[in-house]
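Quick caveat, the model's predicted, so the values are computed rather than measured. Just so you know, residue 1 is the first one in the sequence shown, and it goes up from there.
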Amino acid sequence: MYKAPVDEIAFTLKHVAGMADAVNTGIFGELGEDLVDAILSEAGRFATEEVAPLGEVGDRQGSRLVDGAVKTPEGWRDLYHSWIQGGWNGLTAPEAFGGQDLPHMLHVAAMEMWNSGSMAFALGPTLTMGAIEAVEKHGSDTLKGTFLSKMVSGEWMGTMNLTEPHAGSDLGVLKTRAERRPDGTYRIFGQKIFITWGEHDFTDNIVHLVLARLPDAPHGTKGISLFLVPKFLVNADGSLGARNDLFCHSLEHKLGIHGSPTCTMIYGDGKFGDEKGAIGYLIGEENRGLACMFTMMNNARLAVGMQGVAVAEAATQKAIAYARERTQGRAPGWNGAGMSPIIEHPDVARTLLTMKALTQGSRAIAYACAHAVDMAHGSQGEEAGHWQERSSLLTPIAKSFATDAGVDVASMGIQVHGGMGFIEETGAARYLRDARIAPIYEGTNGIQAIDLVTRKLPLSDGGQVHGFIGELREVAQAVAASNRQGFGETAARLEASITDLVEATEWLLAALAAGRLAEALAGATAYQRLFGLALTGVYLAKGGLADAGDGKQEARIALCRFAAENLLAETAALKDRVVTGAESLAAARGILD
């Protein structure tokens, strides 16, 4: 059974991602380490004792559509209400609407624990938090006054409606339409698919954020508007009014996250109300909806990265526990009676340490991204601009590397279980089935690579990425200067991986400057992984350098050395793919015809 690693999470937040320094500067107001520890401890308790026990129930039962209504797994509705009673829904929300306005770093740390307990359950609240931010930043005062307090409290949940049957990642071709009405409202008509938690029995109202196109809108993404479309209309006194003209047509039968209802939503076919068309309210300006939605999507990308971290952590815990108990053969050097636990076998130990290194590296990357978000929010002028660029640079890496790690680690967890991992009763397979959607969610990891290379590397004419790499080099130099034997070859391996990152970065920037876009994109995914591996090595080293007084420094150094000497050699091959892979790709593409 999963147990939230509260101490390791707190250590990574404070000593690797930068929270301790931020707290000391006062950027978080009166927030102190005691409160941070208390929040993490309670979030961990809730995830361990209340969420995790219902994760398997959700996977086994799934959500069902019965007579047009979605029924969630047994115990989940009560679990959700316990969750909102704990105030978790409003951690980072504005105080003006009942939130706690706490740092994003705390939010992602708590989110990791909830997702480890049940990714399917945590998806719903995650989307609500994103919807809160979009409405708070772009909605009118009337919309904020009507909807935000209920959403912040968790009394109402929110969704994000983008995808259509013919329009996946290419939102410029979406067909859902909006018609203006004299009273300032809009009527929405269309079909949306893959809408996570689009219908459920947790709350009595659901606030949908829907992308649609006006009749006179420009073509492409410049002609998209964003609308708030509630399941039930809201009366002037705040009470629920008539059912809006929208409904869940069907639920998808999915590989994983069975407890999370993934809905096909129909807007405006006349099923409800006196007139066809779901009533919607404009968020932001007409034809500028994608910019509003990206407020929600950017944080959602980091949230999905946390899902990768969460599944990796849970899968690692399960695999280690199994490897300690399962006996088979006699490992080299085993002196005990009978067969040895499989954790004593070198290959199993290597697998488990790889799982642990990828999990902790992914966690540090995601937390560092959240730190940049918080610093941008709490700073002004050029400093705020610097941190905004840093969060922009880290977001695609945090999303892609962590979700790829979630899939890889969950797969390795099945391998550790052997044949028992391939059957459902051990629970190891659920993690792989759940994790597999995360590299697809919120822009596939290939799209993240395109974003990283074409939009994020050129920030400040390359100044942001070069400055960041300089900071990574300082960590490698600190390892070398420490003269601690436990680090082994870590410093040299870090320097080599950072050099690979520098050379790949320079090549990509030169290719972009010369207009060789296809060549740059051919190596984008390899570059994204190269960056993530280099960061994993550096952040594990940063953790090894920090003495938190908890007696775990030597263990952290040992894991850092293992990662440096066993995983970082891959960066050289990845650099080679970035620099030389485009020509062979172009030559071979014809065989796909």
Side-chain angles (χ1 to χ4, degrees), residues 68-70 77-78 80-101 124-125 127-161 178-189 195 197-210 212 225-248 265-268 270-286 289 292 296:
V70 170
R77 190 173 188 275
D78 291 339
Y80 175 75
H81 285 276
S82 295
W83 189 81
I84 62 173
Q85 287 168 11
W88 297 115
N89 205 64
L91 270 185
T92 58
E95 291 184 15
F97 299 99
Q100 301 172 55
D101 204 19
L127 285 167
T128 300
M129 293 172 188
I132 288 169
E133 184 172 12
V135 174
E136 194 272 329
K137 288 189 181 305
H138 304 288
S140 66
D141 290 341
T142 299
L143 287 182
K144 293 177 187 178
T146 303
F147 293 96
L148 270 187
S149 293
K150 300 273 191 179
M151 295 171 70
V152 169
S153 71
E155 186 176 342
W156 296 347
M157 288 177 68
T159 73
M160 179 166 56
N161 286 238
E179 296 179 358
R180 302 179 185 89
R181 291 303 166 99
D183 63 357
T185 64
Y186 297 77
R187 293 280 177 161
I188 311 299
F189 302 85
I195 307 308
W197 287 90
E199 175 62 30
H200 54 79
D201 56 6
F202 279 12
T203 60
D204 56 7
N205 204 10
I206 304 171
V207 180
H208 300 286
L209 300 192
V210 183
S225 300
L226 179 62
F227 300 91
L228 187 154
V229 188
K231 177 181 177 180
F232 285 93
L233 302 177
V234 181
N235 297 321
D237 62 359
S239 62
L240 294 184
R243 175 72 183 261
N244 208 353
D245 190 17
L246 62 95
F247 67 98
C248 172
M265 302 296 297
I266 305 296
Y267 291 87
K271 185 180 177 78
F272 297 101
D274 299 329
E275 179 185 356
K276 284 187 177 183
I279 296 174
Y281 310 94
L282 182 69
I283 296 178
E285 300 176 20
E286 289 184 353
C292 299
M296 186 175 183

Euclidean distance, [Y] [atom2] relative to [X] [atom1], rounded to 0.5 Å:
X    : Y    : atom1 : atom2 : result
F227 : I283 : CZ    : CD1   : 9.5 Å
T203 : H81  : OG1   : NE2   : 7.5 Å
I188 : D245 : CD1   : CG    : 11.0 Å
N205 : L240 : CG    : CG    : 5.0 Å
L228 : I279 : CG    : CD1   : 12.5 Å
M129 : N89  : CE    : CG    : 5.0 Å

Looking at [X] and [Y], what are the two nearest heavy atoms and their distance?
X    : Y    : result
L148 : I132 : CD2-O, 3.7 Å
V207 : W156 : CG2-CE3, 4.2 Å
A134 : L209 : CB-CD1, 3.9 Å
M265 : G198 : CE-O, 3.7 Å
G280 : V229 : CA-CG2, 4.0 Å
L226 : C292 : CD2-CB, 3.6 Å

Results of salt bridge (charged side-chain N to carboxylate O under 4.0 Å, His left out) for K150 - residues two or more places apart only: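 Partners of K150 under the salt bridge (charged side-chain N to carboxylate O under 4.0 Å, His left out) test: E155.
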Mind checking salt bridge (charged side-chain N to carboxylate O under 4.0 Å, His left out) for R180 and listing every partner two or more places apart, or none if nothing turns up? D216, E286
Would you say [X] and [Y] make side-chain contact, with heavy atoms under 4.5 Å?
X    : Y    : value
W88  : P125 : no
F232 : D204 : no
F97  : M151 : no

Check: [X] side chain, [Y] main-chain N or O, donor-acceptor pair, under 3.5 Å:
X    : Y    : value
T128 : G158 : yes
N244 : L233 : no
Y281 : G184 : no

Of all residues at least two apart in sequence or in a different chain, which pass the ring-ring contact (aromatic ring centres under 6.0 Å, His included) check with W197?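 If we apply the ring-ring contact (aromatic ring centres under 6.0 Å, His included) test to W197, skipping adjacent residues, the hits are H200, F202.
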Taking only residues two or more places apart in sequence, or in another chain, which ones meet Y267 in a ring-ring contact (aromatic ring centres under 6.0 Å, His included)?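 Listed in chain order: nothing, the list is empty.
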Those residues at least two apart in sequence (or on a different chain) that pass side chain to side chain contact (heavy atoms under 4.5 Å, CB included) with D201 are K71, T72, R77
All side chain to side chain contact (heavy atoms under 4.5 Å, CB included) counterparts of T159, not counting sequence neighbours: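 Partners of T159 under the side chain to side chain contact (heavy atoms under 4.5 Å, CB included) test: N161, I195, I206, H208.
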Pairs meeting criterion salt bridge (Lys or Arg N to Asp or Glu O under 4.0 Å) with involvement of residues 229-244, two or more places apart: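 Listed by first then second residue: E199-K231.
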Once salt bridge (Lys or Arg N to Asp or Glu O under 4.0 Å) is applied, what residue pairs with a partner in residues 275-284 remain, sequence neighbours excluded?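 Sorted pair list: R181-E275, R187-E275.
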Output all residues satisfying side-chain hydrogen bond (donor to acceptor under 3.5 Å, both in side chains) with [X], sequence neighbours left out; order by chain, then residue number.
X    : result
N235 : S239
E179 : R177
S225 : none
E136 : none

Are more than 12 heavy atoms from other residues, nucleotides or ligands located less than 6.0 Å from atom CG of D183? yes
